[in-house]
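Order of the sequence lines fixes the chain letters, A, B, ..., with proteins taken first and strands second; residue numbering starts at 1 for each chain. Since this is a predicted model, take the numbers as computed values, not measurements.
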Protein chains: 2
Amino acid sequence: MTTISPQGRTELLRPDGSPVRVLVVDDELSITELLSMALRYEGWQIRSAGDGQGALQAAREFRPDAVVLDMMLPDMDGLAVLGRLRRELPDVPVLFLTAKDAVEDRIAGLTAGGDDYVTKPFSLEEVVARLRGLIRRSGAADRRSDSVLVVGDLTLDEDSHEVSRAGDSIHLTATEFELLRFLMRNPRRVLSKAQILDRVWSYDFGGQANVVELYISYLRRKIDAGREPMIHTRRGAGYLIKPAVS
Amino acid sequence: MTTISPQGRTELLRPDGSPVRVLVVDDELSITELLSMALRYEGWQIRSAGDGQGALQAAREFRPDAVVLDMMLPDMDGLAVLGRLRRELPDVPVLFLTAKDAVEDRIAGLTAGGDDYVTKPFSLEEVVARLRGLIRRSGAADRRSDSVLVVGDLTLDEDSHEVSRAGDSIHLTATEFELLRFLMRNPRRVLSKAQILDRVWSYDFGGQANVVELYISYLRRKIDAGREPMIHTRRGAGYLIKPAVS
DNA sequence: TCGGAGTCTGTGATTTCCCTGAGAAACGCA
DNA sequence: TGCGTTTCTCAGGGAAATCACAGACTCCGA
């Protein structure tokens with residue numbers, strides 16, 4: 001079932017109306033903290049574990065709808081954890097976290113079952129987007145909930161990556177797309193540059209904070225050009241997006 | 001009965017509307033995991049077994065509509081398992097998994113009864129396609145569900161392997177065909193190179209990721225040459241196929 | 001009106017990503 | 001075995017995307 005939260009965000013809910021449950025497994029505390037916060041912000045219920053044993057126990061007790069699983073755990077091989085997790089939770093989709101270079105060796109193939117993976121360092125927007133995709137497709141949440149974000153006459157399709165305003169198709173680069181997705185998932189809400197940097201760029205991004213200004217500028221040229229503006233600056237606070245006629 | 005899932009994929013269902021049931025028999029846990037995940041993603045119900053005894057027991061209890069059977073099992077000869085399986089499930093089609101060199105000796109002939117086989121290492125697209133064919137032909141699923149994928153003026157027949165665009169027949173190599181099939185089974189959806197590699201190439205493929213770029217290039221020459229392009233690149237995201245006039 | 005903090009954007013360097021030609025290796029078939 | 005086909009690697013070229021920098025602009029309070 002899909003409802004609109006007070007903030008205007010679309011929430012995934014289970015068929016019985018209760019929040020989606022996600023288990024996060026990583027041995028780095030900073031990562032589980034980071035993910036837990038971001039995912040709670042989605043309105044999901046989060047449990048975390050730091051090793052394979054804890055993951056299996058949590059899986060039994062918590063019965064999550066999806067699992068975020070680091071492939072590098074201290075006590076058990078990631079594949080072994082996955083195998084035993086599968087026995088416990090046969091139909092639950094898994095989002096793997098993996099180092100950039102480890103992909104070919106071990107992940108290839110695993111993602112075929114509808115699972116997915118993200119390489120470290122990741123951006124939170126990406127993790128959230130992929131998790132939403134997995135949960136939506138797994139059927140834990142209502143299948144009718146689709147993958148299109150709409151704000152005013154602006155639409156963004158998370159599957160096809162298509163963006164259009166008032167019927168005109170707009171081409172965005174990968175970064176522009178992620179930024180706009182983040183804005184549109186939080187319409188009418190002021191997002192600070194720090195928040196945007198945290199969510200849209202990788203968590204270890206070390207560059208200048210004004211990339212956000214730069215990309216807002218790019219987006220405006222493509223989305224607001226010659227139209228009633230939808231992207232607004234709140235000086236000293238951040239940016240927000242809202243329907244043009246409000 | 002054929003229904004369209006949210007992703008736009010066609011699902012096979014039994015006449016009573018319940019999901020198709022498939023039994024996977026292999027002694028390598030990684031293989032049963034891989035297959036179980038991929039086949040569940042097709043919307044099928046999966047049971048797995050690691051040896052001949054387990055397979056026979058599962059066959060009795062689970063009453064599958066199709067069986068994936070590795071010919072190399074620890075406790076029993078593959079042929080023996082097959083024989084006893086046949087006594088239990090006379091009309092159920094079997095997809096054999098076999099090493100590349102063992103083919104001629106023993107499998108040829110077995111497949112005469114409407115069964116089929118795939119050599120290890122296989123690609124998931126191939127296993128799924130062959131299983132779909134077996135199930136469809138066995139009558140467990142509704143026969144009306146057809147085997148032709150259509151996107152715009154492009155058609156691909158999964159049975160005859162015929163491909164044509166705007167009436168012009170197009171010859172594709174095996175790899176090109178599988179890649180195009182995967183794209184066409186996910187129209188208007190961005191597929192990452194990693195996803196494509198996972199599904200279209202063998203699970204143990206260790207090569208360069210740019211084979212995907214290469215084969216996309218081949219497909220374009222054959223399918224898009226001199227026409228309105230249907231295969232599109234989303235830089236930094238992946239590829240997608242969609243009707244030319246959209 | 002002036003000044004400063006905050007924001008916007010043009011320019012260009014650098015990096016990343018993608019495409020494709022050439023050829024080697026593996027395969028299939030006669 | 002030999003030949004044509006298919007698969008895949010490698011490497012170069014080129015296009016696009018990303019980002020730093022700096023100067024211009026805007027807003028707002030003194």
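Nucleic acid contact class of B:Ile216 (heavy atoms, under 4.0 Å, all strands): none.
Using a 4.0 Å cut-off between a side-chain N of Lys or Arg and a carboxylate O of Asp or Glu, B:Lys120 and B:Asp204 do not qualify as a salt bridge. Salt-bridge annotation for B:Arg199 and B:Glu42: present, with a side-chain N of the basic residue lying under 4.0 Å from a carboxylate O of the acidic one. With respect to the salt-bridge test (charged N to carboxylate O, under 4.0 angstrom), the residues A:Arg227 and A:Asp153 do not qualify.
Partners of A:Ser217 under the side chain to side chain contact (heavy atoms under 4.5 Å, CB included) rule, at least two apart in sequence or in another chain, are A:Arg221.
Between the CD1 atom of B:Ile231 and the P atom of C:dC19 there is a distance of 10 Å, rounded to whole Å. Put simply, CZ on A:Arg221 is 14 Å from P on D:dT18, counting in whole angstrom units. In this structure, CD of A:Glu213 is placed 13 Å from C1' of D:dC21, rounded to the nearest angstrom. D:dT5 atom P lies 18 Å from atom CG of B:Leu214, rounded to whole Å. At whole-Å resolution of the value, CG in A:Asn210 and P in C:dG6 are 14 Å apart. Atoms CD1 (B:Ile196) and P (D:dC8) sit 14 Å apart, rounded to a whole Å. In this structure, the CD atom of B:Gln208 is 19 Å from the P atom of C:dG21, given to the nearest Å. In this structure, CG of A:Leu179 is placed 15 Å from C1' of D:dA17, rounded to the nearest angstrom.
No side-chain heavy atom of B:Ile170 sits under 4.5 Å from any side-chain heavy atom of B:Ser164. Contact check for A:Glu162 versus A:Val148: no side-chain heavy atoms found under the 4.5 Å cut-off.
Each end of the helix from C:dT1-D:dA30 to C:dA30-D:dT1 gets its own axis from five base pairs, and the two axes differ in direction by 30°, given to 10 degrees.
No hydrogens or angles were tested; on distance alone, a donor-acceptor pair under 3.5 Å links the side chain of A:Tyr218 to the base of D:dC19.
Comparing B:Tyr215 and A:Thr175 by the nucleotide of DNA chain D that holds the closest heavy atom to each, the one mapping nearer the 5' end is B:Tyr215.
Listed candidates were C:dT7, C:dC8, D:dC8. Nearest to the side chain of A:Lys193 is C:dT7. Listed nucleotides: D:dT7, D:dT9, C:dT20. Nearest to the side chain of B:Thr173: D:dT7.
Aromatic ring pairs are classed by plane angle as parallel below 30°, tilted from 30° to 60° and perpendicular above 60°; the pair A:Phe205 and A:Trp201 is tilted. By the 30° and 60° cut-offs, the orientation of the rings of B:Tyr203 relative to B:Phe122 is perpendicular.
For the residue pair A:Thr233 / A:Arg220, a side-chain donor-acceptor distance below 3.5 Å is found, with atom types taken as modelled.
Residue B:Trp201 has no polar side-chain atom (N or O) positioned under 4.0 Å from OP1 or OP2 of D:dT7.
DNA chain C is contacted by A:Thr233, A:Arg235, A:Gly236, A:Tyr239 of residues 232-240 of chain A, taking any non-hydrogen atom closer than 4.0 Å.
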